[in-house]
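Working notes, beginning with the structure itself.
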Amino acid sequence: MPFLRLYPPSFPLRAVAQHGFRLKSRRLLFFRSFAYLTIKDRIPQILTKVIDTLHRHKSEFFEKHGEKGLEAEKKAISLLSKLRNELQTDKPIIPLVEKFVDTDIWNQYLEYQQSLLNERDGKPRWFLSPWLFVECYMYRRIHEAVIQSPPIDDFDVFKESKDQSFFESQESIIALCTYLQELLSTLEDLDENQLKNEFLKLLQISLWGNKCDLSLSGGETSAQKNNIINSLEDLKPFILVDDMEHLWSLLSNCKKTREKTSMVRVDVVLDNSGFELVTDLVLVDFLLSSKLAAEIHFYGKTIPWFVSDTTIHDFKWLIAQMKQSNHKCMSKCGADWENYIRTGRWVYQDHIFWTLPHEYSAMSQVAPDLYAELQKANLILFKGDLNYRKLTGDRKWEFTIPFHQALNGFHPAPLCSVRTLKAEVQVGLQTGQGEQLAASEPGWLTSGKYGIFQFDGPC
Ligand code: F6P
Ligand code: MG
């Protein structure tokens, strides 16, 4: 796989500063960084929870597979304990050993990381490698431990927490579905302005839905407990970059100019399952129903990822749960959504690229088929924080660097990041905006309290 690219003039975020940056103050800064705390505390916590989950399913494995199930559970746990030890003692990052579709690409990427180091740096290690790489690698190693342990090799170690967060968000989901069904029943009577207002509302709901991810909370529950629709006005001041108008112009113009000639397609690169996924599906249901779009393509993850990310199983499971709900509006949503899938207006696709460690500027080289697919969209929505880190290369950018520049050549189609801030990377701010926030609120970049709609494309 070719990696010949010029790196933009900024450094990848790491848990600890690498050789050459070990100035005292800089080092201190890194030891307090979110990347450092993630690798030191949050990731071991997630690993411990995974081990515990496997333990708790022991009797289920036995019932299903007999002794072989128990042996498999033991094997997976021992591989995961080894992984936790490697991480906590900052051992070199080792190649993947099993033969899965992406194993070679991962190992090539590891070699590439090695090639970036000087001889005296030795091998890439957990605390000295780019944060994005290490974090992705950890989830890939969890998957490796599971697939090396047949017959439990299809067990999703995060499924239980994903489902739990869905059930704990029931009331908010019902409120949202009720809102959508009422809105859809009056759609014909709405004028352009009202339609726009509803669009903006549902966009914001989808943004704040991104607060509910389970990797930030170390795998602990992170459900949406109150009715988000009533909080939108209060949350507005926390939107740091607001390109919603661009999205509206783009889709409403598409609707006017293309209605008769071609289909408007919106692609959504999904993030978390549970409440966030419901907010995304509500938004795109509205896009179809209001004819702002004719076709929606979703992209999910092929393996369990960053605890709560959506896989095809989560996607199908959630829609089935909605359909069989006792609540009329919730079940109507589930039935409509199933119908959209059946009739091909909603298309779910996955691609191995989404669970590789590469930043998106490498997509056209590493996964040209996926890049070509995204080029067919009129608009691509990238949900969540991890997508933002991959869009911007997870670098220590100046806050005022334009988004277009940080994308580093990744422009398959007009795109928008819809993300709450949960990592120390942010671009495209006004002069002084980041500094002001940093002075008044030290955790602003990572708390999930702030959000952005950051657009790139022709206006
Ligand atoms: O663990 C770090 C991280 O990448 C954070 O940036 C973020 O908290 C989380 O994982 C993923 O967030 P999201 O689900 O929004 O992509
Ligand atoms: Mg996620």
Side-chain angles (χ1 to χ4, degrees), residues 1-31 33-40 43 83 86-97 102-141 144 305-306 352-368 371 385-398 401 405-410 423-427:
M1 212 54 62
F3 287 109
L4 292 174
R5 278 172 302 113
L6 275 185
Y7 268 115
S10 189
F11 304 104
L13 294 170
R14 288 165 202 270
V16 179
Q18 223 193 342
H19 192 84
F21 294 100
R22 288 191 182 165
L23 298 174
K24 223 174 177 184
S25 58
R26 187 81 184 175
R27 198 171 183 185
L28 273 177
L29 202 84
F30 272 92
F31 282 132
S33 75
F34 188 64
Y36 177 67
L37 295 176
T38 299
I39 306 295
K40 185 173 92 51
I43 283 192
L83 171 62
E86 284 171 30
L87 186 164
Q88 289 181 318
T89 53
D90 195 22
K91 292 274 185 324
I93 293 182
I94 55 174
L96 299 175
V97 291
D102 62 351
T103 308
D104 291 343
I105 309 179
W106 269 97
N107 288 341
Q108 278 167 24
Y109 193 85
L110 181 55
E111 276 170 30
Y112 161 70
Q113 285 300 327
Q114 172 78 69
S115 75
L116 297 177
L117 298 178
N118 299 323
E119 234 172 67
R120 61 185 164 188
D121 289 325
K123 297 216 169 297
R125 301 200 328 256
W126 286 85
F127 282 83
L128 281 171
S129 303
W131 176 33
L132 181 61
F133 165 53
V134 171
E135 211 177 0
C136 292
Y137 173 78
M138 200 274 303
Y139 287 97
R140 183 59 182 78
R141 282 283 303 274
E144 180 178 73
W305 196 245
F306 279 69
I352 203 73
F353 182 80
W354 304 115
T355 49
L356 291 176
H358 303 70
E359 54 201 68
Y360 293 160
S361 63
M363 187 191 287
S364 58
Q365 292 174 320
V366 179
Y371 195 84
D385 193 74
L386 179 61
N387 272 325
Y388 192 74
R389 291 172 63 194
K390 289 188 163 187
L391 284 167
T392 56
D394 209 37
R395 276 150 213 282
K396 206 141 185 54
W397 292 107
E398 297 286 334
I401 287 284
Q405 188 178 334
L407 287 170
N408 192 25
F410 179 71
E424 286 164 331
V425 51
Q426 183 57 55
V427 300

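Values reported hereafter were calculated over all heavy atoms of this structure, with side chains retained and with hydrogens, waters and symmetry mates removed.
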Item checked: Nearest atoms (heavy-atom pairs only) where Ile93 meets Phe133 -> CD1-CE2, 4.0 Å
Next item on the list: Could you tell me whether Trp354 and Tyr360 have their ring centroids closer than 6.0 angstrom?
Entry: yes
Notebook entry, point to check: Is a side-chain N or O of Tyr137 found less than 3.5 angstrom from the main chain of Ile94, in a donor-acceptor match?
Noted result: yes
Checklist line | Those residues that, when tested against Thr89, pass side-chain hydrogen bond (donor to acceptor under 3.5 Å, both in side chains) (two or more places apart) | finding: Lys91
Check: Between Tyr36 and Trp131, does the ring centroid distance fall short of 6.0 Å?
Finding: no
Item checked: Criterion side chain to side chain contact (heavy atoms under 4.5 Å, CB included) against Leu96, the qualifying member of Ile105, Asn107, Asp104, Leu110 -> Asn107
Margin query: Within the structure provided, determine whether Thr392 and Leu407 are in side-chain contact (heavy-atom separation under 4.5 Å).
Written below: no
Next item on the list: Check whether the side chains of Asp394 and Tyr388 place a donor and an acceptor atom closer than 3.5 Å, and report yes or no.
Entry: no
Margin query: Looking only at the aromatic ring of each residue, does the gap between the centers of Tyr371 and Phe410 stay below 6.0 angstrom?
Written below: yes
Next item on the list: Can you see which heavy atom on His358 is nearest to which on Val366, and at what distance?
Entry: CD2-CG2, 3.6 Å
Note to self: Ring-plane angle category for Tyr139 and Trp305, please: parallel below 30°, perpendicular beyond 60°, tilted otherwise.
What the structure shows: tilted
Next item on the list: Measure across Leu356 and Trp106 and return the closest heavy-atom pair with its distance rounded to 0.1 Å.
Entry: CD2-NE1, 3.5 Å
Note to self: Working to the nearest 0.5 angstrom, can you tell me the gap between Lys390 NZ and Met363 CE?
What the structure shows: 9.0 Å
Note to self: side chain to side chain contact (heavy atoms under 4.5 Å, CB included) for Tyr109 and Gln113? Distances and angles first, verdict last.
What the structure shows: CA-CA 6 Å; Tyr109 193 85; Gln113 285 300 327; 3.4 Å; yes
Margin query: A side-chain contact here means heavy atoms from C-beta on lying under 4.5 Å apart; do Leu386 and Leu132 qualify?
Written below: yes
Note to self: Assess whether a salt bridge exists between Arg395 and Glu359, defined as any Lys/Arg side-chain N lying under 4.0 Å from an Asp/Glu carboxylate O.
What the structure shows: yes
Next item on the list: Please name the pair of heavy atoms, one in Pro124 and one in Ser129, separated by the smallest distance, quoted to 0.1 Å.
Entry: CB-OG, 3.6 Å
Next item on the list: Determine the minimum heavy-atom distance between Glu424 and Ala35, stating which atoms define it.
Entry: OE1-N, 4.2 Å
Notebook entry, point to check: What's the shortest heavy-atom distance between Ile401 and Val427, and which atoms?
Noted result: O-CB, 3.3 Å
Note to self: I want to check something: taking the side chain as every heavy atom from C-beta on, are Gln426 and Trp397 in contact at a cut-off of under 4.5 Å?
What the structure shows: no
Check: Okay, side chain of Asp90, backbone of Trp126: is any donor-acceptor separation there less than 3.5 Å?
Finding: yes
Next item on the list: Check whether any side-chain heavy atom of Val425 lies under 4.5 Å from a side-chain heavy atom of Lys396, and answer yes or no.
Entry: no
Notebook entry, point to check: If only atom types and distance count, is the side chain of Asn408 paired as donor or acceptor with the main-chain N or O of Gly393 below 3.5 Å?
Noted result: no
Checklist line | Residue list, salt bridge (Lys or Arg N to Asp or Glu O under 4.0 Å) with Glu144, at least two apart or on another chain | finding: Arg141
